Every structure is written in structure tokens, then in C-alpha cells.
Participant: 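Following this message is one structure expressed as C-alpha cells.
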Protein chains: 2
Amino acid sequence: MARPEKRTTLREVAEATGLSTAAVSYALRGKQVSKETEERVRKAAADLGYEADPIARALASGRTSMIGVLAGDLQDLWQQHLMAAIGRELLAGDRYALILDAGGDPARELALAKQLRDQRVDGLLVSPVDPSAEGWSKIADTVPVVSIGDALSRARTAGEVLFDNRAGIDAVLDYLRGLGHRRVTVLTPTGPSTPDRPADVYVREAADRLGIEVEVLPCAQELGEATAVARRVLAAGGGGAAGGDRGAVGDGGLAGGDGSVAGGGRPNAVFCFSDSIAYGVYAAAAEASLTIGRDISVVGFDDHPVSRVLTPPLTTVDWGLTDIAKEAARLAVAAIEGRRVRRKRILCAPRLSERGSALRVPE
Amino acid sequence: MARPEKRTTLREVAEATGLSTAAVSYALRGKQVSKETEERVRKAAADLGYEADPIARALASGRTSMIGVLAGDLQDLWQQHLMAAIGRELLAGDRYALILDAGGDPARELALAKQLRDQRVDGLLVSPVDPSAEGWSKIADTVPVVSIGDALSRARTAGEVLFDNRAGIDAVLDYLRGLGHRRVTVLTPTGPSTPDRPADVYVREAADRLGIEVEVLPCAQELGEATAVARRVLAAGGGGAAGGDRGAVGDGGLAGGDGSVAGGGRPNAVFCFSDSIAYGVYAAAAEASLTIGRDISVVGFDDHPVSRVLTPPLTTVDWGLTDIAKEAARLAVAAIEGRRVRRKRILCAPRLSERGSALRVPE
DNA sequence: TTGAAAGCGTTACCAT
DNA sequence: ATGGTAACGCTTTCAA
């Protein structure tokens, strides 16, 4: 193993054909050479098994054919799915996705973005944890950036595939209100270091407007952690929610009732800002012998495929993942190639998939 | 945007310090320089905002600090999860994961592996679709390869994190047999181009030995497609399975009964070679109003986190994903750094997580 | 259309 | 310990 067996180089092809390296370089890229020599060169290259060295090419040209893809938090199953889709999309266009995970940490996110730029990625696709961070500006000035989800408010991006979070949140709160809910617990992936995510801010506004009382609690995406948070929320019972003091762990007790919410009051409604978090609620509910869609209402966000396999299927907000991946890739590639595009800002409309995890509050 | 604003180079730092580029290069890497100048250089570099250009470094040193990670099929949620975990693991060691998806196609898999090698990845982590392919040999001779899952039978790999599929399959078949099942439908992600995957071969052997009749059917990982296949399997009803003729689409009908298997005979048992596929069975069962764990038995493979959130939770085989990611990364890094390791072959033992999706056959 | 040569920014070898 | 200087393999002016 590890016998690097010298690759054939451009020079060797040049010698074999009696041309200069420049001519060969052009020929192989089909530029300013006669059809005739192009053929000849191509054949020689094939015979010698020549393939351009991407690194040398990158150093000389400044381009790598790699696109950095920075996920805010890959613990989120939906983001995993999105990254996979983006990777496929880019690969179809002969580009590589260099996928990195910020793990929900805004500082790390910016650091990784810089590292990607240093790796000379041709472009950067980012699903930001902290879209309003100052640092994006400098990065977006150095490399074409396409943001997915929220807009990078401080940066001049090359494109945006935005989710209409306001409309999505409105739709969900409206829906819950229509079912009779007046108190809703919101579980958001936002960490303590990023208190002002657009969705978090907006959900309070919307709730106020609709006369709904919300309690917004932070929650990790990873199933175990999400379950732990959900456990506390459910244990708090009734229409309210767990204490806002995130340090406190609650009493660890579960809702005592079997088939009815502890306290016997109005059913709890939990609005999760990602389906992954909602799965934690399903897990915690099962532990507490609460039936989702009867004893408690749950609504997700983003619509991961498995959400429809749960019992009951999870009511959630769908943005159309496939199109998102396609559009994001398209925008990035267009920017890289210096092409002008009609719309650099795509706004995805929410589709509320009503599936049975939320119940009507009995009179 | 795209004003590359010249990065500071090594030469500039050299000029600023009055040293040679060589000295600076060494100093920054803490090699053969006096503590004193190292300090001085570091300071100057910091002041100038110098950071080494990874591309230039790669060209000169032959190393990129990137590790190629080739997934057999990223439609599989478990593989998505694994790739995310590996990415985190590598990043923790200051290496990048260049994640690519073969989409279940063996030819594509080899092509991508070659491309990754050409990209000068320092090492290659692969979860192979076709572990017995000839092509691995040449690749493994050029770059350190660590395979995950099945061993690359024709290649000299730098390490292996293998799943004891035989033991896993034995465990499941034993278990199903203990529940009284004598006919089992096996859904495998294997495509027509890779007919002889180790697991597919072995499951027949094991079934013969145990006196179980198996029917092995190919099935895509993507939920929609998996559901379609499962639909046909369930429609076939009884203890048997869908016709072996993969071209035929069946009649598209669903099991007619409500709460009992069509034909009224012994419950069907479906053994899925990935949890993703099992989710398709859940979906199809719901459509047909069949209750999993009562009307039909389902067992998965690989244990994705959401499997325990389903109703009923999916009985499946766990290999310990976190450790797999850790070990694979460790082996790859060790090989790259030329370190010797005690065990280059890790064998993961299966743990059958019995969770209620399989039922005892009534007498 | 083709060739010569100057980079691209490091690393690593060989002197000193 | 430090400096000089070839590589590394390609792209890209600039001339011919």
C-alpha cells in the first residue's frame, strides 16, 4: 500500500505529442486549439492515462470545483437529508460538496466558513445557525455565498433560498388556535449563544397577535437530549410548560395519568422548530403513556420523510426539500460561473401537512 | 463580492521578519528553530493575519488533510447518520471529510473512489456497496483505505471496521424462529448489479440451516420506493411473499382484511437489511391497516435512532454507530500518519434490540 | 494556433 | 539554526 506510483503529468503528455504544456493544457480543455490537435492530444492523454491534478490546477487557477456546504447542525435529521440531497445535486454537476457541521455553534460556524474559504472552495452553501452574525459579511465578500433558510442580514450573498418562517409559524399557530389551543410550548434548536434567531423572535410576535401564550424553550436536536427536554415539558403537565430556568432539571417525574394529561386540564400543545425535536416529544410521550394526538398535540417543522411513518403521523411544515437543494446548487453554480440569474432570492412557501398529531381541544 | 483581497503569503512574513521563507515555514510548524525566533515569527504572522494556504501546502507536501468518505447509499438514513458522525470525528482531528454518495451503484462507487484519490485525499473511508469488486485493489494500493461494514475482499486495506453480519443475521433469524416464524421475507438494498453481497448470500445459508424459508427481494432505501415494495409484499399476504419476479408489479391491491393478515394464515415476517427499508414496511402496513407487531412482524438492521420512536418501536440490530465512526476515523488517521496499530480489523458484534415489532406466531 | 515562461504559495532538500 | 532554491503540476499572459 501507499506506493504513489507517479501519476502522468501534463509535461509527459506534452513530450509524447511534441507540443508544449500550454498547448496540451488548452487542448484538454477544448480551448483555442484546432480540432485536429485536440483529438491527437486527447488520444495521447488517454493512452498515458493522464488526468489533471486537481490540486495543481487549484493552485494555478484558484478554482477547486469544490463547494463548501456548511450545516448549522447535522444532528438534525432534516439537515442530514438536505446535505445528502445537495451533495447529489452538486455531484451531478461535477462538483464536490465539502460538507461540514457547525454543531449548532455560531462561533464554530464562522470559523468553519473561513476554513472552507481558505480551502479555496469555489462557493459556499450555508444553512446558518446565526444568520445575523457580523462575520458573514467578510466571508461573502471573498467567496460566493448562498444561504439556505434565513437570510444573512449583514452580508451581500450571491443567492438565497429562504424559508418563509413567518408564514410557516403563522400557519402553525393559526392551526393550533383553530383547534382551541391558547397555550403553546415552543421547542427551538437555538442555543444560548444565539438568542435572537428570526424564528424565535417571530413566534412571540405572532403568538401575541393571535392571543396565544407561548413559552419558548431551547432544545438540542439529538434524540436523547430532545427526549430529556420533552420529558420535563410533559412532566410540567397542563397547558403550561416546564420552568424557563434552563439550568433546573425539574423533578424528573413523569405525568402520572394514564391516557390523560397530568393535572387533567387542557392538553398541552408543543410546537417543535424541527421534526427531530418532535421525535423527542414522541419518545417522551410514550414513556409517560401519553397518546399524541389525543392527550397532547405536537407539530413539527421541516417535514422529514419519517415523520409520516410515526404514529400518529406528525403534522409539520414542509418546504420542499428537493427543490431547495436544486435551487441552492443552481444559485451557487451560477454565481461561481459569473452568470447572472433572474431571481437570486427564492422564497419557499410553507405547506402545512396536517397529519393527526394535533388534536382539537375539547370544550 | 469576489474581491479576493490578496492573502498575506509566507514571503511577506519572511520579509517582515527578515528571515527566509524556509525559516518561517519551519518556525510556523515548530520545527528546527529556536524558541526565540519561533515566537517572533508567530507574532509577525499573527500581526499580518497570515494563514497558510491549504492548496499550496497540498501541492508541495502531497497532503491535503482531507479524507474521502464514500457512502454506499445516502438514501439510507443510518448511513446519513454515520457520515455525519464521521465528519464530526474527523473535524475534531482537524481533518475534513469529503463526503460522496455512490447512490447504491457499484460502478459509480469505484469511479468516485478514483476521483477522490485524484483529489489527493489523504485517506479513504468507504462503506462499500460492492466489497468484492476488483477495482478496490488498485485504489487501496494508491491511498490508505478503511472499509466499514464489509471487508474489501480483493484489496489490501489499511483498516477495517466490520459488522459481523453472520452473527447479526443469525441472531435475527434465530429470534424469528423462536417466535414461531418459518417463512420470512428479506428486503435487501442490494441492486441487480451486485447480486452477491455477503449478507444476501449468508441469509440464505442461515435460513436453510434453521429450516426457515426465505424470499430475498431487492428494495430501495428511499422511503417512497421502499413503501412501494413493502406494499406488494404485504399484498401478497399470508406467510409467503411477493412473487420473485422483480419486473412484475403485482396487482397493486392491498391486504383486504382489517386487523388480520390477508388470507388469514400465519403472520408474515419481514426482515429488512436496513431500518430505512423497515420504515417503508411501517408505511405500507399503515396503509393496509395492518398492525405491526400483531398482524405482521418486522425486524430492521442497523438501529437508527428514530427506530425507537416508531409504534411499535422497531426491533433491530445495533452495531454501535458512535464507536464505528470513532474507530474508522482512528484507523484512517493512523494509516495516514504511518503509525502502526494493534488491531487493524475491528469486528463489531451485533446487539439485537428487541422492541416489539415482531410477534409470536399463535399456535 | 502554438510556444516560452512567469507565476501560484508552499515544502523539503542541501548547504552553510 | 537558518538560508537558498529546486520542486509540486498546472494555468495563463505575452509573443511568435
Side-chain angles (χ1 to χ4, degrees), chain A residues 4-42 44-45 48-66 115 117-122 142 336-338, chain B residues 4-42 44-45 48-66 117-122 336-338:
Chain A
E5 58 173 275
K6 278 228 163 315
R7 297 167 56 98
T8 35
T9 73
L10 192 62
R11 176 142 43 218
E12 301 180 88
V13 180
E15 282 164 5
T17 53
L19 291 169
S20 71
T21 59
V24 174
S25 173
Y26 284 131
L28 257 21
R29 284 176 297 157
K31 301 216 159 193
Q32 30 178 316
V33 279
S34 62
K35 265 271 176 272
E36 186 180 28
T37 51
E38 174 168 344
E39 270 312 302
R40 192 159 54 94
V41 170
R42 248 182 233 304
L48 294 173
Y50 169 80
E51 276 173 80
D53 182 329
I55 301 295
R57 169 171 287 169
L59 183 59
S61 71
R63 253 163 283 116
T64 55
S65 77
M66 286 196 289
Q115 287 186 39
R117 181 203 50 195
D118 290 348
Q119 282 287 339
R120 289 267 209 293
V121 292
D122 296 341
T142 320
I336 290 167
E337 296 179 350
Chain B
E5 58 174 276
K6 277 227 163 320
R7 297 167 56 99
T8 34
T9 72
L10 193 61
R11 176 143 40 216
E12 300 180 87
V13 180
E15 282 164 7
T17 54
L19 290 171
S20 70
T21 59
V24 173
S25 174
Y26 285 129
L28 258 21
R29 285 176 296 158
K31 301 216 160 192
Q32 31 176 314
V33 278
S34 63
K35 265 272 177 266
E36 186 180 26
T37 51
E38 174 167 344
E39 271 311 304
R40 193 159 54 93
V41 170
R42 246 181 236 303
L48 294 173
Y50 169 80
E51 277 174 79
D53 183 330
I55 301 296
R57 168 171 289 170
L59 182 59
S61 72
R63 254 164 282 118
T64 54
S65 75
M66 287 197 288
R117 181 202 51 195
D118 291 347
Q119 281 287 339
R120 288 271 205 289
V121 293
D122 296 341
I336 289 167
E337 295 179 349

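Note that the structure is predicted; figures quoted are calculated from it, not measured. In the text below, chain A, chain B and the rest are named by the order of the sequence lines, each starting its count at 1.
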Participant: In this structure, how many angstroms lie between the P atom of dT11(C) and the CZ atom of R11(B), rounded?
Facilitator: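 One finds 13 Å between P of dT11(C) and CZ of R11(B), rounded.
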Participant: Counting only heavy atoms and a strict 4.0 angstrom limit, can you tell me which residues of residues 52-63 of chain B come near DNA chain D?
Facilitator: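 Contacting residues: L59(B), A60(B).
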Participant: Should the pair E38(A)-R42(A) be classified as a salt bridge under the 4.0 Å nitrogen-to-oxygen rule?
Facilitator: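 Yes, charged N to carboxylate O under 4.0 Å.
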Participant: Could you list the protein-to-nucleotides 13-15 of chain C atom pairs, N/O on both sides, closer than 3.5 Å?
Facilitator:
from    : atom 1 : to     : atom 2 : distance (Å)
dC13(C) : N4     : Y26(B) : OH     : 3.0

Participant: Just to verify, what does E39(B) make a side chain to side chain contact (heavy atoms under 4.5 Å, CB included) with, not counting sequence neighbours?
Facilitator: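 Testing E39(B) for side chain to side chain contact (heavy atoms under 4.5 Å, CB included), a comparison that skips the adjacent residues, returns none.
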Participant: Whole-Å distance between dG9(D) P and R7(A) CZ?
Facilitator: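 It works out to 9 Å between those atoms.
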Participant: Taking only residues two or more places apart in sequence or in another chain, which ones pass salt bridge (charged side-chain N to carboxylate O under 4.0 Å, His left out) with E12(B)?
Facilitator: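 E12(B) satisfies salt bridge (charged side-chain N to carboxylate O under 4.0 Å, His left out) with no residue once adjacent residues are dropped.
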Participant: Report the distance from atom NZ of K31(A) to atom P of dT1(C), rounded to the nearest whole Å.
Facilitator: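 That distance rounds to 14 Å.
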Participant: Take the protein atom CD of E38(A) and the nucleotide atom P of dT2(C), then report the distance between them rounded to whole Å.
Facilitator: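 One finds 10 Å between P of dT2(C) and CD of E38(A), rounded.
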Participant: Find the distance Y50(A):OH to dG9(D):P and express it as a whole number of Å.
Facilitator: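 Distance check: Y50(A) OH to dG9(D) P gives 10 Å.
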Participant: Taking side chain as C-beta onward, heavy atoms only, is V13(B) less than 4.5 Å from T8(B)?
Facilitator: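 The answer is no; the side chains never approach within 4.5 Å.
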Participant: Tell me, yes or no, whether the heavy-atom count around R29(B) atom CZ, taken from other residues, nucleotides or ligands under 6.0 Å, exceeds 12.
Facilitator: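 Enclosed.
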Participant: Rounded to the Å, how far apart are L28(A) CG and dG9(D) P?
Facilitator: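 Distance, rounded to whole Å: 16 Å.
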Participant: Would you mind reporting whether D122(B) and M66(B) have side-chain heavy atoms less than 4.5 Å apart?
Facilitator: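 With C-beta onward as the side chain, the pair stays apart.
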Participant: Would you find more than 12 non-hydrogen atoms of other residues, nucleotides or ligands less than 6.0 Å from E337(B) atom CD?
Facilitator: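 Correct, the count exceeds 12.
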Participant: Just do the side chain to side chain contact (heavy atoms under 4.5 Å, CB included) check on S65(B) and Q119(A) with the steps written out, would you?
Facilitator: CA-CA 10 Å; S65(B) 75; Q119(A) 282 287 339; 4.2 Å; yes
Participant: Measure from the side chain of R29(B), starting at C-beta and using heavy atoms only, and say which of dT11(D), dT11(C), dG9(D) lies closest.
Facilitator: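 For the R29(B) side chain, the nearest candidate turns out to be dT11(C).
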Participant: Looking at residues at least two apart in the chain, or sitting in another chain, which of them share a side chain to side chain contact (heavy atoms under 4.5 Å, CB included) with A52(B)?
Facilitator: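 For A52(B) the side chain to side chain contact (heavy atoms under 4.5 Å, CB included) partners, ignoring immediate neighbours, are Y50(B), R57(B).
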Participant: Heavy-atom contacts under 4.0 Å between residues 12-21 of chain A and DNA chain D, which residues?
Facilitator: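 Here the set is empty: none.
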Participant: Within the 4.5 Å heavy-atom criterion, are L10(A) and D53(A) side-chain neighbours or not?
Facilitator: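 Heavy-atom side-chain distance check fails, nothing below 4.5 Å.
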Participant: Atom CG of D118(B) and atom P of dG9(D): how far apart are they, to the nearest Å?
Facilitator: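 The distance from CG of D118(B) to P of dG9(D) comes to 13 Å, rounded to the nearest Å.
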Participant: Answer yes or no: is there a donor N or O on one side and an acceptor on the other, between the side chain of T64(B) and the main chain of A58(B), under 3.5 Å?
Facilitator: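 Judged by distance alone, no pair lies under 3.5 Å.
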Participant: Take the protein atom CZ of R120(A) and the nucleotide atom P of dT11(D), then report the distance between them rounded to whole Å.
Facilitator: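 It is 15 Å, rounded to the nearest whole Å.
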Participant: Output yes when at least one side-chain N/O atom of S25(A) is less than 4.0 Å from OP1 or OP2 of dT11(D), else no.
Facilitator: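 S25(A) to dT11(D) OP1/OP2: side-chain N or O found under 4.0 Å.
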